[in-house]
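The basis for the numbers below is simple: all heavy atoms, side chains too, and nothing from hydrogens, waters or symmetry mates.
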Amino acid sequence: MPDNAPRSLRARLYRQLDPEARNRGLSPTNWALAVFIVFASLVAIVATEPTIHDRNARLFFLAEFVFGAVFVVEYLARLWVAPERPGPEGGWRKRLRFMFSFSGLIDLLTIIATLTPGAPAGPLLRAFRLLRVLRLAKLGRMSSAWRHIGEAISSRRAELFLSLFAGIGLMVFSATLLYLAEGDAQPDKFGSIPRALWWAVATLTTIGYGDIYPITPLGKLLASVTAVTSIGLIALPTGILAAAFSDAMTRHRERVAAGEEEDH
C-alpha cells in the first residue's frame, strides 16, 4: 500500500469522527454514535431496576460487553486520527493532547464505566455517556446556537449574578422571618434558620413539597408574601436570558447580512 494511503484513510476517518472538521453538521458516523450512546445510557438506566435486571442479567452483561467493545474501538480510532487535528504539534503530542483533553477523559471514563459494570460508582460513571452526546451536540451545525447561548450569558452575567444574590437574600430573609413566626409553634421544622431554609428553598423555587408549611396566622401571611415575590424573582433570570439571546441572534444576523453584502 502506498505511503499516502493510510494518511488518506486517516484523514477521511478524522472527518467522520471529529465534528469540527465539517461545516455541514454531524457526519453519519457521529449521528450513529450519538444514537448508540443514548441507547447505551437508556440500557444503563433500566439496569438499575432490580426486578428487570435480575430477570435479564445475562442480556445486560452481553449488552455492556458490546457497548464496551464499540467504545474501545471508537476511542482507539479517535486516538489514531488525532494527528489530523490542526496545530503545529507533532503526531504524538496531538494524541497526548487528545488523551488529556476534557473529551478524551470523558471517553476514557465511559470505557471504564462500561467495562466495570459491578463497580460501586458504575451508575455514576455511566452518566458520563450523556456528556459525550453533549460534546457532539455543541459542535457541527449546532455549534452556532451554543455560541449564542454563551454570548448571551456572558453579556448579562452582571444582571444574572444580581438576580442570584437577590434570590439568596430573599431566601435567607424569608427563612429568618418564618423562624421568628413559627419557631415556637413548630420547633422541629422552623426551630432554627437552617431548618427554615428548606421551606424557603421549596417556596422560592415554586416547588412547594408540602412537608413543611406555616400554621400560625403571621406565618401564613409571611409565607404568602414570600411565595408571590418568588414568582417574579425566579422569572427574572429567564427574562434576562431571553432578551440576551434575542440580542445575540440579532447581532449574528447583522454580521451575516454584512458579510453577504461584502461578498457581493
Side-chain angles (χ1 to χ4, degrees), residues 38 41-42 44-50 102 105-106 109 113 120-135 137-138 142 145-250:
V38 171
S41 301
L42 291 175
I45 292 171
V46 174
T48 60
E49 174 54 49
F102 177 76
L105 292 175
I106 290 296
L109 284 174
L124 177 61
L125 291 175
R126 287 182 181 85
F128 284 104
R129 290 174 178 170
L130 292 178
L131 290 180
R132 303 186 65 226
V133 177
L134 294 178
R135 184 190 71 182
K138 74 176 183 179
M142 290 170 282
W146 283 97
R147 285 196 299 270
H148 297 328
I149 294 175
E151 182 182 344
I153 294 175
S154 178
S155 64
R156 295 292 191 276
R157 58 183 179 274
E159 293 90 337
L160 291 173
F161 275 119
L162 179 61
S163 62
L164 173 63
F165 288 132
I168 294 175
L170 178 60
M171 182 176 65
V172 175
F173 184 67
S174 60
T176 303
L177 292 179
L178 263 295
Y179 158 69
L180 296 175
E182 296 282 331
D184 294 335
Q186 301 186 81
D188 57 328
K189 298 176 180 179
F190 294 95
S192 66
I193 294 177
R195 293 182 184 180
L197 275 173
W198 168 244
W199 168 87
V201 171
T203 302
L204 261 69
T205 56
T206 67
I207 297 174
Y209 286 113
D211 56 339
I212 299 177
Y213 52 89
I215 59 176
T216 65
L218 178 60
K220 291 179 179 180
L221 176 62
L222 294 173
S224 300
V225 174
T226 301
V228 173
T229 306
S230 66
I231 295 175
L233 188 63
I234 293 300
L236 185 61
T238 304
I240 293 173
L241 285 176
F245 187 72
S246 177
D247 292 342
M249 290 298 296
T250 301

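Between the side chain of Thr203 and the backbone N or O of Ala200 there is no donor-acceptor pair closer than 3.5 Å. Using modelled atom types, one side-chain atom of Ser224 and one backbone atom of Lys220 make a donor-acceptor pair closer than 3.5 Å.
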Give every donor-acceptor pair under 3.5 Å between a side-chain atom in residues 174-184 and any protein atom, sequence neighbours left out.
| from | atom 1 | to | atom 2 | distance (Å) |
| --- | --- | --- | --- | --- |
| Ser174 | OG | Leu170 | O | 2.9 |
| Ser174 | OG | Met171 | O | 3.0 |
| Thr176 | OG1 | Val172 | O | 2.8 |
| Glu182 | OE1 | Gln186 | NE2 | 3.0 |
| Glu182 | OE1 | Ile215 | N | 3.2 |
| Glu182 | OE2 | Ile215 | N | 3.2 |
| Glu182 | OE2 | Thr216 | N | 2.9 |
| Glu182 | OE2 | Thr216 | OG1 | 2.4 |

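Shown are Thr226, Val225, Ile231; of these, the side chain to side chain contact (heavy atoms under 4.5 Å, CB included) with Thr229 is made only by Val225.
A side-chain hydrogen bond (donor to acceptor under 3.5 Å, both in side chains) check over residues 157-173, counting only residues at least two apart or in different chains, returns the pairs Ser154-Arg157.
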